[in-house]
Amino acid sequence: MGGYENGESTAAAALADGGVILGVDGGTTNTVCVCLPAAMTPPESPATVPVLARAVAGCSNRNSVGENAALETLEQVMTQALALANTDRSAVRAVCLAVSGVNHPSDQLRMLEWIRDLFLDNAKNYVENDAVAALASGTMGKLHGCVLIAGTGCIAYGVTEDGKVARAAGAGPVLGDWGSGYGIAAQALTAVIKAYDGRGPQTRLTRDILEKLDLSSPDEIIGWTYADPSWARIAALVPVVVSSAEDGDEVANKILHDSVQELADTVIAVVQRLRLCGEDGKDMFPLVLVGGVLEGNKKWDISGEVIKCISKVFPGTDPIWPEVEPAIGAALLAWSHHHKGLKLENGS
């Protein structure tokens, strides 16, 4: 996850050498901010990224918790990271906020106006969807290829070498992100209710979910669900679905197979639109995989199944599991913009 170097001497040296860079990965489950020295040399590997500080806060997806709460979380996590690096806002030279729920230029504009008020004229500010940071985390700051994020939510985002972009999904569970953690878990909860009603087949999910939630009857799931229908709380049931599928439950297996196809179709749509695979469909392109749904499981390897589906269509798919977290990808993007600006100012 990069080389963490908290300490007064390191932070003081970074400040003396030209300030700091902030990178923020804002998700539905949590928000992470990392602080890098602005004067660092280009890192040769993920292990050599000189992270001065790292802070974690809650959800910053405005579609999930509302705009005010999201902005409060973002300010909190950046303030905490600066404090851990023994510095303050005056030292910030560039910021990249990569936040889920930023889906339209108007979203970016509102957030840019807000962040300018925080840092005044001290910093260059960049606002992106969290998928951009996730892609950069797998390519060490180079924006080319496709990223698939499948955590609480899901999205595929692609960039060509000449800067064309495309995305698919990422519109939230109401609008069909069924390959996401929320989508998988919501389908499992629905299957339990249907089985209880007699509208669907009996499933091991009933026993496993009731045990996980410490409930005695499926009808209690209704009250549990609506007591706090936050996306992350529902998505936390994904491991139960995977476990039930690994134990041979047909309903759980169908949910996972359908979700795999949803995720694969999401990537395929982006790759086709951008022609990342070349004219003949066989060129290699990086596919960065990020998110808890895509992490390795014992028997039911969701990411492996997704890659198999995509590779049948695009044999040049080159899967990458990042060695640094998306917040570092966001910081590397901010650092790259800052570094290019300094070169232009110096006439190079």
Side-chain angles (χ1 to χ4, degrees), residues 27-29 61 100-101 103 129-135 137-139 145-159 165-191 231-232 234-246 251-274 276-277 281 285-322 326:
T28 305
T29 303
N61 184 320
S100 63
N103 299 317
N129 184 274
D130 62 334
V132 178
L135 176 58
S137 73
T139 58
C146 184
V147 62
L148 173 64
I149 302 176
T152 300
C154 66
I155 187 173
Y157 183 92
V159 184
V165 302
R167 57 173 284 176
V174 175
L175 297 177
D177 289 353
W178 293 114
S180 67
Y182 180 98
I184 291 170
Q187 290 176 79
L189 290 170
T190 301
W231 298 351
I234 303 296
L237 292 173
V238 167
V240 180
V241 184
V242 173
S243 178
S244 297
E246 289 176 344
V251 174
N253 271 285
K254 184 177 187 306
I255 290 171
L256 293 186
H257 280 297
D258 289 348
S259 299
V260 162
Q261 193 61 58
E262 285 278 348
L263 293 172
D265 289 345
T266 301
V267 171
I268 289 167
V270 169
V271 174
Q272 286 177 330
R273 282 158 61 189
L274 295 178
L276 290 172
C277 53
F285 66 92
L287 173 62
V288 179
L289 298 133
V290 176
V293 170
L294 299 173
E295 292 176 358
N297 298 298
K298 296 175 183 177
K299 299 176 184 176
W300 232 111
D301 183 6
I302 294 176
S303 62
E305 293 300 317
V306 170
I307 292 166
K308 284 180 187 177
C309 287
I310 298 169
S311 296
K312 288 177 183 177
V313 182
F314 303 123
T317 303
D318 179 22
I320 297 172
W321 286 267

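- In this structure, L263 CG and I268 CD1 are separated by 11.0 Å, a value rounded to the nearest 0.5 Å.
- The heavy-atom pair separating L276 from C146 by the smallest distance is CD1-CB, 4.0 Å.
- When every heavy atom of V260 is checked against every heavy atom of C309, the shortest pair comes out as CG1-SG, 3.9 Å.
- How far CG of L237 is from CD1 of I184: 11.5 Å, rounded to the nearest 0.5 Å.
- No donor-acceptor pair closer than 3.5 Å links the side chain of E305 to the backbone N or O of D301.
- Contact annotation: the side chain of P322 approaches that of V290 to within less than 4.5 Å [non-hydrogen atoms, C-beta and beyond].
- Heavy-atom minimum distance, N129 versus S100: ND2-CA, 4.4 Å.
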Pair N61, W231 - check side chain to side chain contact (heavy atoms under 4.5 Å, CB included), show working. CA-CA 10 Å; N61 184 320; W231 298 351; 4.0 Å; yes
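- By the 4.5 Å heavy-atom criterion applied to side chains, L289 and I307 are counted as neighbours.
- Applying the side-chain hydrogen bond (donor to acceptor under 3.5 Å, both in side chains) rule to T266 yields no partners; only residues at least two apart in sequence or on another chain are considered.
- The CG atom of D130 sits 4.5 Å away from the CD1 atom of I149 when rounded to the nearest 0.5 Å.
- Applying the side-chain hydrogen bond (donor to acceptor under 3.5 Å, both in side chains) test to S137 and every residue at least two apart in sequence or in another chain returns nothing.
- Among residues two or more places apart in sequence or in another chain, the side-chain hydrogen bond (donor to acceptor under 3.5 Å, both in side chains) test is passed with T317 by none.
- Residues R273 and R167 share a closest heavy-atom pair of NH1-O, 2.8 Å.
- Considering all non-hydrogen atoms of both residues, C277 and F314 come closest at SG-CE2, 3.4 Å.
- Contacts of S243 classified as side-chain hydrogen bond (donor to acceptor under 3.5 Å, both in side chains), with partners at least two apart in sequence or in another chain: none.
- Residue pairs that meet the side-chain hydrogen bond (donor to acceptor under 3.5 Å, both in side chains) test with at least one member in residues 252-262, sequence neighbours left out, are N253-W300, K254-D258, Q261-D265.
- With contacts defined as side-chain heavy-atom distances shorter than 4.5 Å, the pair V147/T139 does not qualify.
- In this structure D177 satisfies the side chain to side chain contact (heavy atoms under 4.5 Å, CB included) test together with C154, A169, S180, sequence neighbours excluded.
- Shortest non-hydrogen contact noted between G179 and A150 is O-CB, 4.5 Å.
- With values rounded to the nearest 0.5 angstrom, T28 atom OG1 is found 11.5 Å from Y182 atom OH.
- Between the CG atom of L148 and the CD1 atom of I310 there is a distance of 6.5 Å, given to the nearest 0.5 Å.
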